Amino acid sequence: MEGYELVAKESEFEQDGRKEVIVDDVPVLLIKQDGKYYAIEDVCSHDGQPLTDGPIENCQITCPRHGAKFDLATGAALCMPATEGIPTYDIKIEAGEIWLCEN
Ligand code: FES
């Protein structure tokens, strides 16, 4: 799968959850929410805080530092203090393996 990196197995996500992975030396947060996978850069665009432990609700993750919200599907910044979105990753699943490529 050219351009994609193997980062996890589906068996690690039997229920909703999250996993920190590295893609091309960049920290990425792989999330399973309501049965769907999302992958976003694990760095808040406001001031660099990892989003790893941020609360997730309605397909949005909240930065634990100053409260910026990002859309899990598009990476778009949804409220201040963030004004720029964060990169998202394309996800391919094959034979139970989860592969990521930056969009
Ligand atoms: S570092 Fe994320 S909102 Fe400020």
Side-chain angles (χ1 to χ4, degrees):
M1 216 171 307
E2 199 175 328
Y4 284 76
E5 280 192 40
L6 175 63
V7 295
K9 293 183 186 294
E10 275 199 290
S11 57
E12 297 173 57
F13 291 87
E14 284 174 14
Q15 297 180 339
D16 287 357
R18 55 184 91 185
K19 180 181 181 184
E20 301 161 67
V21 300
I22 300 289
V23 179
D24 287 335
D25 297 326
V26 174
V28 174
L29 187 58
L30 176 62
I31 295 163
K32 186 177 182 186
Q33 185 71 19
D34 297 329
K36 192 171 182 343
Y37 289 98
Y38 303 91
I40 56 172
E41 189 170 304
D42 195 10
V43 180
C44 180
S45 64
H46 174 237
D47 200 21
Q49 170 75 28
L51 298 167
T52 318
D53 298 322
I56 294 173
E57 196 175 7
N58 298 328
C59 198
Q60 301 172 6
I61 189 165
T62 301
C63 176
R65 188 143 156 228
H66 307 116
K69 290 181 190 290
F70 299 93
D71 186 306
L72 290 181
T74 66
L78 301 173
C79 73
M80 297 294 278
T83 56
E84 290 181 17
I86 51 176
T88 59
Y89 288 73
D90 190 43
I91 301 168
K92 284 194 190 304
I93 299 174
E94 199 170 283
E97 295 177 334
I98 302 173
W99 298 72
L100 299 185
C101 176
E102 187 175 353
N103 277 322

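Order of appearance sets the numbers: ligands from 1, and atoms from 1 within every ligand. Values in this document were obtained by computation on a predicted structure and should not be read as measured data. Below, all heavy atoms of this structure are taken into account, side chains as well, without hydrogens, waters or symmetry copies.
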Side-chain donor-acceptor contacts of residues 86-103 below 3.5 Å, not counting sequence neighbours, with atom names and distances?
residue	atom	partner	partner atom	Å
Thr88	OG1	Asn103	ND2	3.0
Asp90	OD2	Tyr4	OH	2.4

Name every donor-acceptor pair, under 3.5 Å, that has one atom in a side chain of residues 37-51 and the other anywhere in the protein, sequence neighbours excluded.
residue	atom	partner	partner atom	Å
Asp42	OD1	Leu51	N	2.7
Asp42	OD1	Thr52	N	2.9
Asp42	OD1	Thr52	OG1	3.4
Asp42	OD2	Thr52	OG1	2.6
Ser45	OG	Glu84	O	2.4
His46	ND1	His66	ND1	3.1
Asp47	OD2	Arg65	NH2	2.8

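- Side-chain heavy atoms closer than 4.5 Å link hydrophobic residues (I, L, V, M, F, W, Y) into clusters, and following such links, possibly through other members, connects Leu29 to Ile56.
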With a 3.5 Å cut-off and sequence neighbours excluded, list the donor-acceptor pairs that the side chains of residues 68-79 form with protein atoms.
residue	atom	partner	partner atom	Å
Lys69	NZ	Thr62	OG1	3.2
Asp71	OD1	Ala73	N	2.7
Asp71	OD1	Thr74	N	3.1
Thr74	OG1	Ala76	N	3.1

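- The NZ atom of Lys19 lies 9.5 Å from the NZ atom of Lys9; values are rounded to the nearest 0.5 Å.
- Within 6.0 Å of CD on Glu12 lie more than 12 heavy atoms contributed by other residues, nucleotides or ligands.
- Distances under 2.8 Å from atom 2 (Fe) of ligand 1 pick out the protein N/O/S atoms Cys44 SG, Cys63 SG.
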